[in-house]
Amino acid sequence: MKALIKNELRMTRKMLLIWMGIVLILCGFAYFEYLSLKDSLDELTGLVLDFPKILKAMFGVSGDLTSALGWYGCIYYWTSMLTNSYAAYLGVSCVAKEQAQGTAGYLFTKPVSRSMVVYAKVVTCVCNLFVLASFGGLCNYFTAILPLGGLEQEGAVVTSTIGLFLTELTLFAITLLASGLTKTYKRAVRISVGILLLFYAISIAAEYLEAPVLYYLTPLKYFDVYIVATGRIYISFFLLALVIIIGFVAAAQKIWAGKEI
């Protein structure tokens, strides 16, 4: 299994570096944007306040942009869009790409069980997600928090990065199961994109309607930055995410173990 994990890490590192580069570009853009706007943030905030509520929810403007947490929360929102997309990509392509590329038959004939192959891929994806979440947290710290002079909330970058990682894992588990339930890779991609868009739509609706009960319907709201930045991670959301991660990965493993290739 160790050899499988090393091989998967080697095969997926190029794509991981590409996503890390995209995150870096986004955070770099946000840094220079802040430098150009820092003297007129009050005017910008006044302008944003006049935006329709639905637009503010769509663009992640949930706090006061003149405050450190408000600006950080906005940048975190856009960073999370990238990391969440990567998590969905890994979930749908983790095993299904082998079927699409015609290599599944060879891979599953190796002298290890199918379950071991799937678990090796899952471990690799978890490692990649951890690297991207950590990298995103560091980028947010150096390009958003430091220019702001730090946040009043101690350890906010750590707790929000943990929330980012847990959200990634939840989305990965959901899309991994979706890929196992579909017959073709293309259909799995379409369904996973639809799932991700649906979660974003629900999170926007929850923000617009100010209905916290809707948070339970979308993993994107389990670890909201404005909540976890203050050191609060609700146990109900944490347990729900844990159940989804463990349950959906186990279910996907069973499906792939018995799936005809």
Side-chain angles (χ1 to χ4, degrees), residues 1-13 15-16 19 80 83-101 103-104 107-108 110 112-134 136 161-185 187-196 198-199 202 216-223 233-261:
M1 183 170 177
K2 186 181 294 185
L4 286 172
I5 294 174
K6 287 183 178 180
N7 185 58
E8 285 295 321
L9 288 172
R10 180 181 57 81
M11 294 179 63
T12 57
R13 65 186 178 187
M15 187 59 68
L16 174 61
W19 281 91
S80 68
T83 58
N84 292 340
S85 299
Y86 179 67
Y89 160 76
L90 282 186
V92 73
S93 65
C94 180
V95 186
K97 68 178 180 181
E98 305 291 352
Q99 189 175 9
Q101 296 170 355
T103 56
L107 182 66
F108 287 145
K110 286 181 173 292
V112 290
S113 66
R114 281 194 182 188
S115 297
M116 294 296 287
V117 172
V118 174
Y119 279 135
K121 286 179 170 292
V122 169
V123 170
T124 301
C125 290
V126 171
C127 291
N128 288 341
L129 291 174
F130 177 77
V131 170
L132 187 63
S134 301
T161 301
I162 292 173
L164 191 67
F165 178 56
L166 291 173
T167 302
E168 285 180 341
L169 289 181
T170 307
L171 290 172
F172 166 75
I174 293 172
T175 51
L176 177 65
L177 179 59
S179 70
L181 292 172
T182 52
K183 294 183 178 180
T184 64
Y185 179 66
R187 182 176 296 179
V189 171
R190 289 196 293 267
I191 291 176
S192 296
V193 170
I195 289 173
L196 190 58
L198 176 62
F199 285 153
I202 295 174
Y216 287 94
L217 301 179
T218 170
L220 307 183
K221 281 296 186 180
Y222 290 176
F223 308 100
I233 294 181
Y234 291 126
I235 189 64
S236 57
F237 288 134
F238 177 77
L239 292 177
L240 180 57
L242 200 62
V243 168
I244 292 174
I245 294 167
I246 297 175
F248 280 37
V249 168
Q253 178 272 324
K254 288 186 178 180
I255 290 173
W256 280 110
K259 194 170 185 177
E260 293 186 5
I261 303 298

Asks: Which pair of heavy atoms, one from L176 and one from C94, lies closest together, and at what distance?
Replies: CD1-CB, 4.0 Å
Asks: Return the minimal non-hydrogen interatomic distance between A178 and I195, and the atom names on each side.
Replies: CB-CD1, 4.0 Å
Asks: Starting at NZ of K121, measure out to CE of M116 and round the result to the nearest 0.5 Å.
Replies: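 The distance works out to 14.0 Å.
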Asks: Taking the side chain as every heavy atom from C-beta outward, state whether V122 and F172 have any atom pair closer than 4.5 Å.
Replies: yes
Asks: Once rounded to the nearest 0.5 Å, what's the spacing between atom CD1 of I245 and atom CD of E168?
Replies: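 Going from the CD1 atom of I245 to the CD atom of E168 covers 10.5 Å.
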Asks: Testing the basics here: between A173 and F248, what is the closest heavy-atom pair and its distance to 0.1 Å?
Replies: O-CB, 3.6 Å
Asks: For Y86, give me all partners under ring-ring contact (aromatic ring centres under 6.0 Å, His included), at least two apart in sequence or on another chain.
Replies: W19
Asks: So, for A133 and T161, which heavy atoms are closest and what is the spacing to 0.1 Å?
Replies: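 The pair with the smallest heavy-atom distance is O-CG2, 3.4 Å.
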Asks: Can you name the side-chain contact (heavy atoms from CB on, under 4.5 Å) partners of T167, sequence neighbours left out?
Replies: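 Partners of T167 under the side-chain contact (heavy atoms from CB on, under 4.5 Å) test: N84, L171, L220, F223.
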Asks: Would you indicate whether the side-chain heavy atoms of S179 and Y185 approach each other to under 4.5 Å?
Replies: no
Asks: Please find the pair of heavy atoms, one from L164 and one from S80, that lie closest to each other, and give the distance.
Replies: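 Here L164 and S80 meet closest at CD1-CB, 3.6 Å.
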Asks: Could you measure the distance from the CG atom of L90 to the OG atom of S192? Nearest 0.5 Å is fine.
Replies: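 Atom-to-atom, L90:CG and S192:OG are 11.5 Å apart.
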Asks: To the nearest 0.5 Å, tell me how far L242 CG sits from L166 CG.
Replies: 8.5 Å
Asks: Hey, are the side chains of N128 and L9 touching, using non-hydrogen atoms and a 4.5 Å cut-off?
Replies: yes
Asks: Using ring-ring contact (aromatic ring centres under 6.0 Å, His included) as the criterion, list what pairs up with Y222, not counting sequence neighbours.
Replies: F237
Asks: Within this structure, what is the CG-CZ distance for the pair L196 and F199, rounded to the nearest 0.5 Å?
Replies: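 If I round to the nearest 0.5 Å, the distance is 8.5 Å.
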Asks: So do F165 and V126 actually touch side chain to side chain, heavy atoms under 4.5 Å?
Replies: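 Side chain of V126 against side chain of F165, heavy atoms only: contact under 4.5 Å found.
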Asks: So, for I174 and P219, which heavy atoms are closest and what is the spacing to 0.1 Å?
Replies: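 The pair with the smallest heavy-atom distance is CD1-CG, 3.9 Å.
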Asks: Are the side chains of Y89 and S85 in touch, meaning some heavy atoms are under 4.5 Å apart?
Replies: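 No, their side chains stay 4.5 Å or more apart.
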Asks: Roughly how far, to the nearest 0.5 Å, is SG of C125 from CG of L169?
Replies: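 Between atom CG of L169 and atom SG of C125 there are 10.5 Å.
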